[in-house]
A.B. asks: 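Quick one: the structure is below, and I'll ask about it shortly.
Lettering of chains follows the sequences in order, A, B, ..., and the numbering in each one begins at 1. Because the structure is predicted, anything quoted here is derived from the model rather than measured. Quick note: numbers below take in every heavy atom, side chains included, and nothing from hydrogens, waters or symmetry partners.
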2 protein chains.
Amino acid sequence: MTGVQLRAGLANADLIAVLVAVTDNEPRVMTLRAGEALPSGPFESQHRSLQSGLRDWIESQTSHPVGYLEQLYTFADRDREAPSEAGAARRISIGYLGLVREQVTPGTGQPQWHGWYEYFPWEDHRDRRPAVLDSIADRLDSWAGADSLRRERVDFLFGQNGLPWNEDLALQRYELMYEAGLAESPSRPAIEGFGRPMTGDHRRILATGIARLRAKIKYHPVVFELMPDSFTLLHLQRTVEALSGLRLHKPNFRRQIDQQELVEETGEMSSGTGGRPAKLYRYRPTVLQAQALAGPRLPVSRH
Amino acid sequence: MTGVQLRAGLANADLIAVLVAVTDNEPRVMTLRAGEALPSGPFESQHRSLQSGLRDWIESQTSHPVGYLEQLYTFADRDREAPSEAGAARRISIGYLGLVREQVTPGTGQPQWHGWYEYFPWEDHRDRRPAVLDSIADRLDSWAGADSLRRERVDFLFGQNGLPWNEDLALQRYELMYEAGLAESPSRPAIEGFGRPMTGDHRRILATGIARLRAKIKYHPVVFELMPDSFTLLHLQRTVEALSGLRLHKPNFRRQIDQQELVEETGEMSSGTGGRPAKLYRYRPTVLQAQALAGPRLPVSRH
DNA sequence: CTCCTTATACTCTGGATGAGTACATCTGGA
DNA sequence: TCCAGATGTACTCATCCAGAGTATAAGGAG
């Protein structure tokens, strides 16, 4: 790094966005090329920060303001694309995760929204344990063979052998599947039934976004960036469930929302889709809440 | 992003590392140029991934294996450096956080280790609330003026007005200070007493690393990457305290470590620096532990 | 009017956490 | 020799919160 060990290189960099919205209780991601690619492109050089440039661009595309935008990861591995001629520059992509408010599913506009469970069908545990998990487990089983380390990893990541399912491990699950040859790669075609493939490493980038968002909603009130101005508590719950791929315990969910004082009643009632009309709520943002909600997990000595 | 809205640009990219070790209960970071800069340099283009290239480089520099290495953030804002001539390429730096085992403080070798609280003296709350906080609070107070939003932010970030101190907010604190003109910038000199300055935005990058590490040790057993092979529980506690800048409650700290079954006795005892000799422990890594230790905070409905 | 669905308010229980106390075992100096 | 000081280690106790379950209210459809 002192200029001796590392050789200088000029890198080609671009931005790549995982844009998420939740419509009809389904988490969706913005795609191009018939769902094959995430939106991406080279730098916008006018803006001061990448973030603000990206924000502008998204707003022009979706006609909704971006509620939340965060940097995900910078992808720069050598084997991201199909092998190119020697001497080609390493391709760098700076990935961003963005949240936009609920959208009416557009007709045939260029940017299309696809349900993210099309790409990761094994991640949706809302109704039941997905059936795909059995065939995945089969394949991973033979991949692991007698290697106990591999078996342990599989059991842990996919909730086998009595271990619990952990929704946050979406990225690590995908990476394991990739390693085991169950996902498309420059040298491998996609396998039927194991989720819709994408170009290059876009599916990995999407998995990164999903995992990040699933982890995030536990500490930060970012879900509200996906909600309309007013909503019922069940609607909010369904949105969280959509993202996490899990079912939640209704009374406890309400209690939590209540305790955290994140929302307030608008005074109006929902027109009611089935049963008793529900109160409508709105988000009550605070400077404090915007940042930290996680309880301290260190045994801190107060005083 | 479709090539229309965004203009192509060729970016100059390099790596920048926040390398942390804890020696003598003091968290230290590797620096160059007499503590003025973090180690950084252009890409190593031989390796498959950035990570592995960086890992090799660090090991050659510190002669210790890197226990843990994670991507921090990609810094690409326009005003990172002193204003350069128009048309200059935007500078991209991919920041990494790395942990290396305890080091004997080297003599006058090129890479020097500096205690990170030299740069952020207000972050060390182990002995007492640092005195600098008062002068910082003064300055921020006049910066906030009558703006209640600003006041709220200051109170929240710096634990004023009865609000608790939150050690995880190190980055946000620095950013607020920067915004308020209390930290060096291309157009501003450093202020005496408010921490040792660094080149460019290196101090911000260091703050990013500190914040990330402080958050991380709560969920992941990464502290052990900073420990020698065998250690006493108090030594472990002191290390966590050094990183978090807080004092912990001894009995509860031990209980936690115990319950999580992260360590096992070596059978040996410490030679004892003061009182009764302590049992020595070693880290007991497991595939499972390596990843998730956080309790689920969503009200998940089991079954 | 009855059933079904959704909304909303409780209760109960166990475990984790914050906090404090008691006692053991070493070193070093009066 | 014995005490003071420091550290190590094992408890107890109270509180809070999260998981789980139950009960009741209020709408619509037939």
A.B. asks: Side chains of B:Leu97 and B:Leu69: closer than 4.5 Å at any heavy-atom pair?
C.D. replies: no
A.B. asks: Identify the pairs formed between an N or O of the protein and an N or O of nucleotides 22-25 of chain D at a distance under 3.5 Å, and give each distance.
C.D. replies:
from	atom 1	to	atom 2	distance (Å)
D:dA25	N3	A:Arg276	NH1	2.9

A.B. asks: Round to a whole Å and report the spacing from CG of B:Leu248 to P of C:dA19.
C.D. replies: 12 Å
A.B. asks: Using whole Å, report how far CG of A:Asn252 lies from P of D:dG21.
C.D. replies: 10 Å
A.B. asks: For C:dA16, does OP1 or OP2 lie under 4.0 Å from any side-chain N or O of B:Gln256?
C.D. replies: no
A.B. asks: Of the nucleotides D:dA18, C:dT17, D:dG8, which has the atom closest to the A:Arg255 side chain?
C.D. replies: D:dA18
A.B. asks: Which part of the nucleic acid, if any, lies within contact of B:Lys279, taking any heavy atom under 4.0 Å across all strands shown: a base, the sugar-phosphate backbone alone, or nothing?
C.D. replies: sugar-phosphate
A.B. asks: Output yes when a side-chain donor or acceptor of A:Arg126 lies under 3.5 Å from a complementary backbone atom of A:Arg238, and no otherwise.
C.D. replies: no
A.B. asks: So is A:Arg173 actually on top of A:Trp165's ring, under 6.0 Å and inside 45° of the axis?
C.D. replies: yes
A.B. asks: Measuring from A:Met30:CE to A:Gln112:CD, what's the distance to the nearest 0.5 Å?
C.D. replies: 10.0 Å
A.B. asks: Please give, in whole Å, the distance from D:dA18 P to A:Gln260 CD?
C.D. replies: 8 Å
A.B. asks: Rounded off to whole Å, could you give me the CZ-to-P distance for the A:Arg247 and D:dG19 pair?
C.D. replies: 17 Å
A.B. asks: Let's go through A:Phe120 and A:Tyr174 carefully: what are the C-alpha distance in whole Å and the side-chain angles of both, what is the deciding distance for ring pair (Phe, Tyr, Trp, His ring centres under 6.0 Å) to 0.1 Å, and is it a yes or a no?
C.D. replies: CA-CA 9 Å; A:Phe120 304 98; A:Tyr174 179 76; 5.8 Å; yes
A.B. asks: Whole-Å distance between C:dA16 C1' and B:Lys218 NZ?
C.D. replies: 16 Å
A.B. asks: I'd like to know if A:Arg254 reaches the base of C:dA9 with its side chain, counting only an N/O donor and acceptor under 3.5 Å.
C.D. replies: no
A.B. asks: What is the distance, rounded to the nearest whole Å, between atom CG of A:Leu233 and atom C1' of C:dA9?
C.D. replies: 13 Å
A.B. asks: Report which part of the nucleic acid A:Leu234 touches: base, sugar-phosphate, or nothing (heavy-atom distance under 4.0 Å, all strands).
C.D. replies: sugar-phosphate
A.B. asks: Give the rounded distance in Å between these two atoms: CG of B:Leu236 and C1' of D:dG8.
C.D. replies: 15 Å
A.B. asks: Would you call the rings of A:Phe224 and A:Tyr283 parallel, tilted or perpendicular if under 30° counts as parallel and over 60° as perpendicular?
C.D. replies: parallel
A.B. asks: Roughly how far, to the nearest 0.5 Å, is the CG atom of A:Leu248 from the CD atom of A:Glu241?
C.D. replies: 4.5 Å
A.B. asks: Given atom CD of B:Gln259 and atom C1' of D:dC11, what is their separation to the nearest angstrom?
C.D. replies: 14 Å
